[in-house]
> 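Please find one structure pasted underneath; my questions will follow.
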Amino acid sequence: MESVIDEIFGRYKQGRKEDLIPILQEIQEKAGHISEYSIVRLGSLLGISTTKIYGLATFYDQFRFFPAGKVHLRVCHGTSCFMNGSGPVLASLKEELGIEPGQTTRDGRFSYEVVTCMGSCSIGPVIEVNGEYHTGVKSDQIPAMIKRLKHLIDN
Ligand code: FES
């Protein structure tokens, strides 16, 4: 994984501060998450403290700091999904998994992120589970969904 990071940094040798977000996006895309190694390397490349990089990166929902779980969920919280109840869906997911968006459960089984639109606004709330779309999801369906997914992971 470090070679992927080094390859990305190799293309941003100028070390311009405005490259911070594009570099983070590229790391996220290629490595799946922003590791501590990346943050430290990025700090020395751009002359920005690691605290500041963490502060900026956590401002954006899109960045994750841990490897994704075996099951990764993307929960839409865009305007239409919000109007259709994505808030309670997210609250239920948080309660079931005991983690915040962008985190991974201690056992490495689950992670989830919040996204702003998945292009299925009229049939939301939408959750993508390992690439498969679930539409019209209700908060009271979440415990059974997680139970089913745990069963799939363990068998
Ligand atoms: S707002 Fe959720 S799919 Fe568009």
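In each ligand, atom 1 is the first atom listed, and ligand 1 is the first ligand listed.
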> Give every donor-acceptor pair under 3.5 Å between a side-chain atom in residues 47-55 and any protein atom, sequence neighbours left out.
from: Ser49; atom 1: OG; to: Lys52; atom 2: N; distance (Å): 3.1

> I want to verify a count. Protein N, O or S atoms less than 2.8 Å away from atom 2 (Fe) of ligand 1, how many are there?
2
> Who are the salt bridge (charged side-chain N to carboxylate O under 4.0 Å, His left out) partners of Lys147, not counting sequence neighbours?
none
> Please determine whether a side-chain nitrogen of the Lys or Arg among Asp107 and Arg109 lies less than 4.0 Å from a carboxylate oxygen of the Asp or Glu.
yes
> Determine, stepwise, if the pair Glu100 / Lys94 fulfils salt bridge (Lys or Arg N to Asp or Glu O under 4.0 Å).
CA-CA 6 Å; Glu100 299 286 338; Lys94 183 177 165 182; 3.0 Å; yes
> Mind checking ring pair (Phe, Tyr, Trp, His ring centres under 6.0 Å) for Tyr133 and listing every partner two or more places apart, or none if nothing turns up?
none
> Would you confirm whether Asn130, through its side chain, and His72, through its main-chain N or O, come within 3.5 Å as a donor-acceptor pair?
yes
